[in-house]
> 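Once you've had a glance at the structure underneath, I'll fire off some questions.
Heavy-atom basis, side chains included; hydrogens, waters and symmetry copies ignored. As the structure is a prediction and not an experimental result, all values here were calculated from the model.
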Amino acid sequence: MTTKPKDRRAWADFGTGVIAWISGAAVLGFGAWLLFGQPDLARASHGDRQTRTSQRPVQYVYEDYKPTDQKIEEAVQESPEKVFGKGWSCFYDPTMNENWHDDVRCTNGAKSYRPILLADRRFVTEEDMRTAGQDYENHLNSGGKP
């Protein structure tokens with residue numbers, strides 16, 4: 001009578017299947033925990049993260065609010081510097097129009113325009129325009145007209 005050797009392959013396949021099933025269940029369980037059981041992480045994935053703006057105090061606007069004449073007068077008298085900043089600011093802002101002489105933008109908060117600088121030169125560099133823009137900003141802030 002011959003004895004048949006034990007089939008170890010069946011146990012190896014069974015062990016591999018059990019490990020795969022446990023791993024899959026763990027992955028699904030972790031995903032469900034993240035989605036339903038962990039509100040901070042789930043909420044952050046939908047863009048509801050708390051930012052510095054959400055920590056500001058709430059200001060309520062009442063629909064029936066009517067400002068007094070004094071409040072209106074104070075708002076009218078408020079200086080443009082307080083609202084828009086101090087004076088003119090000119091900065092290099094290149095255009096794509098092949099005109100190098102208007103590559104500086106000047107603004108004072110309420111108005112913005114592009115002066116034509118160094119018009120007597122045929123070719124100007126970025127450094128030339130930045131320097132001319134700074135000089136023009138100084139001219140405007142010293143009382144010069146745009």
Side-chain angles (χ1 to χ4, degrees), residues 7-146:
D7 190 10
R8 295 180 188 245
R9 175 182 274 177
W11 284 105
D13 290 342
F14 176 75
T16 305
V18 169
I19 291 173
W21 186 86
I22 291 173
S23 299
V27 167
L28 288 175
F30 184 68
W33 176 73
L34 280 178
L35 188 60
F36 301 111
Q38 188 56 265
D40 292 342
L41 295 176
R43 203 176 313 124
S45 67
H46 297 293
D48 293 336
R49 287 178 289 177
Q50 194 174 25
T51 61
R52 277 190 267 160
T53 56
S54 64
Q55 296 172 358
R56 293 183 184 154
V58 177
Q59 295 180 349
Y60 295 99
V61 178
Y62 300 103
E63 291 180 18
D64 58 344
Y65 172 73
K66 293 188 173 97
T68 63
D69 290 338
Q70 181 183 1
K71 291 277 188 186
I72 294 172
E73 189 62 33
E74 287 174 4
V76 169
Q77 296 299 325
E78 203 170 14
S79 71
E81 285 184 8
K82 185 176 178 184
V83 175
F84 298 113
K86 187 175 181 182
W88 286 91
S89 174
C90 296
F91 52 93
Y92 181 73
D93 184 28
T95 59
M96 300 300 158
N97 62 2
E98 298 298 325
N99 181 5
W100 300 317
H101 305 288
D102 68 347
D103 284 350
V104 170
R105 179 182 301 272
C106 294
T107 181
N108 69 351
K111 299 177 189 172
S112 176
Y113 77 103
R114 293 180 176 276
I116 303 297
L117 303 175
L118 306 174
D120 55 335
R121 293 189 185 178
R122 289 186 59 205
F123 177 79
V124 293
T125 64
E126 178 181 337
E127 183 178 335
D128 295 337
M129 289 305 294
R130 287 183 186 273
T131 304
Q134 185 63 45
D135 292 343
Y136 194 70
E137 177 182 326
N138 294 338
H139 164 74
L140 292 174
N141 287 328
S142 66
K145 299 288 182 189

> Between atom NZ of K145 and atom NE2 of H139, what is the distance when rounded to the nearest 0.5 Å?
9.5 Å
> Are more than 12 heavy atoms, taken from residues, nucleotides or ligands other than N97, located less than 6.0 Å from that residue's CG atom?
yes
> Enumerate the disulfide bond (SG atoms under 2.5 Å apart) contacts for residues 105-146, please, sequence neighbours excluded, ordered by first and then second residue.
C90-C106
> At their closest point, which heavy atom of Y92 faces which heavy atom of P94, and how far apart are they?
CE2-CD, 3.6 Å
> Treating D128 as the side-chain partner and T125 as the backbone partner, does any N or O pair qualify as donor plus acceptor under 3.5 Å?
yes
> Rounded to the nearest 0.5 Å, what separates atom CG in D102 from atom OH in Y113?
12.5 Å
> If only atom types and distance count, is the side chain of H101 paired as donor or acceptor with the main-chain N or O of R121 below 3.5 Å?
yes
> Let me know which of L118, L117, V124 forms a side-chain contact (heavy atoms from CB on, under 4.5 Å) with W100.
V124
> Going by salt bridge (charged side-chain N to carboxylate O under 4.0 Å, His left out), name the residues that satisfy it together with E126, two or more places apart in sequence or in a different chain.
R130
> Give me the one residue out of D93, D103, T95, N99 that meets side-chain hydrogen bond (donor to acceptor under 3.5 Å, both in side chains) with R114.
D93
> Side-chain contact, heavy-atom cut-off 4.5 Å: K111 with W88?
yes
